[in-house]
Amino acid sequence: PKTESGEGKTPALGDHQARKLLDAPTTDTIKSKRDRAILSTLLFHALRREELCKLKVRDFQHARKGVPHLKVSRKGGKTRYVPLHPASNALIHEYLDAAGHGTDEHGALFRPVRNNSTGTMDGAITADGVYKLVRGYSAALGFEIGAHALRATAATNALDHQADIAKVQEWLG
């Protein structure tokens with residue numbers, strides 16, 4: 001791409017777009033509760049799709065010095081601990097209460113709400129499912145983006161709020 005053309009760069013959402021995206025799942029179903037929790041987790045924690053899909057219920061139950069953390073399995077078998085944003089924490093609790101699998105510590109945190117091929121819903125949502133989820137809600141709002149744009153948004157917002165660049169790099173893994 002040409003220098004400074006913006007081509008090949010992942011777009012970051014503005015605050016108003018991020019808020020609209022978080023508010024997009026409007027119904028009070030298990031699916032909408034799950035979708036709000038997923039969108040919040042992606043927006044506030046800068047996770048990759050695969051990292052989100054690998055989360056287990058137990059990975060959401062960590063605390064360091066009294067602060068809730070997510071235990072994230074990264075590329076290359078590495079692990080990082082990310083402070084859990086209070087809004088995401090509340091949305092994940094709400095989803096787990098509605099879905100009923102909050103006590104299954106070894107089970108996937110985010111699960112499909114329907115499975116046409118096998119009929120079981122014990123496995124994790126797929127990375128493709130996360131992409132389609134983000135794409136669907138963003139397209140309905142008039143700005144069609146992929147899930148990686150939420151990672152870029154989280155990093156951009158951290159830097160815009162005077163976070164140390166070295167800490168942001170560490171946080172992103």
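- Summarising the local packing, CZ of Arg58 is surrounded by more than 12 heavy atoms from other residues, nucleotides or ligands at distances under 6.0 Å.
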Step-by-step ring-ring contact (aromatic ring centres under 6.0 Å, His included) determination, Tyr95 to His101 = CA-CA 9 Å; Tyr95 160 63; His101 66 270; 5.4 Å; yes
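- Using a 4.0 Å cut-off between charged side-chain N and carboxylate O, Asp97 and Lys33 make no salt bridge.
- Of the inter-residue distances, the one linking Asp35 atom CG with Ile30 atom CD1 reads 11.5 Å to the nearest 0.5 angstrom.
- Among Gln61, Arg64, Arg80, the one residue that satisfies the side chain to side chain contact (heavy atoms under 4.5 Å, CB included) test with His69 is Arg64.
- Between Asp15 and Arg19, no side-chain nitrogen of the basic residue sits less than 4.0 Å from a carboxylate oxygen of the acidic one, so the salt-bridge criterion is not met.
- Taking the six-membered ring where the residue is Trp, the centroids of His93 and Phe60 are separated by under 6.0 Å.
- Salt bridge absent: Glu94 and Arg34 never bring a charged side-chain N and a carboxylate O closer than 4.0 Å.
- Rounded to the nearest 0.5 Å, atoms NE2 (His45) and CD (Glu51) are 12.0 Å apart.
- Among all heavy-atom pairs drawn from Thr126 and Cys53, the shortest one is C-SG, 3.4 Å.
- The heavy-atom pair separating Pro25 from Ser32 by the smallest distance is CB-O, 3.7 Å.
- One hydrophobic cluster holds both Tyr137 and Leu43 under the rule that ILVMFWY side chains link at heavy-atom gaps under 4.5 Å.
- In this structure, Leu42 and Thr153 have side chains that are not in contact, with every pair of non-hydrogen atoms separated by 4.5 Å or more.
- Here the CG-CD1 distance, from Leu55 to Ile125, works out to 12.0 Å after rounding to the nearest 0.5 Å.
- Of the inter-residue distances, the one linking Leu96 atom CG with Asp104 atom CG reads 10.0 Å to the nearest 0.5 angstrom.
- Linking ILVMFWY residues whenever their side-chain heavy atoms come closer than 4.5 Å, directly or via other members, places Phe44 and Val72 in the same cluster.
- Salt-bridge check for Arg135 with Glu144: passed, with a basic side-chain N closer than 4.0 Å to an acidic carboxylate O.
- Although no hydrogens or angles enter the test, the distance criterion places no donor-acceptor pair under 3.5 Å between the side chain of Asp23 and the main chain of Lys20.
- Aromatic ring pairs are classed by plane angle as parallel below 30°, tilted from 30° to 60° and perpendicular above 60°; the pair Tyr81 and His62 is perpendicular.
- A donor-acceptor contact shorter than 3.5 Å is absent between the side chain of Ser40 and the backbone of Ala37.
- Put simply, the side chain of Leu109 does not reach to within 4.5 Å of the side chain of Lys56, judged on heavy atoms.
- Closest approach of Arg36 to Asp28, counting heavy atoms only: NH2-OD1, 4.4 Å.
- Val57 and Leu84 fall within the same hydrophobic cluster, where Ile, Leu, Val, Met, Phe, Trp and Tyr residues are linked whenever their side-chain heavy atoms come under 4.5 Å apart, directly or through other members.
- Between Asn89 and His85, the side chains place no donor N or O within less than 3.5 Å of an acceptor N or O (distance only, hydrogens not considered).
- Under the 3.5 Å distance criterion, the side-chain polar atoms of Ser138 are matched with a main-chain donor or acceptor of Ile145.
- There is a path of hydrophobic side-chain contacts, each under 4.5 Å, that joins Leu47 to Leu133.
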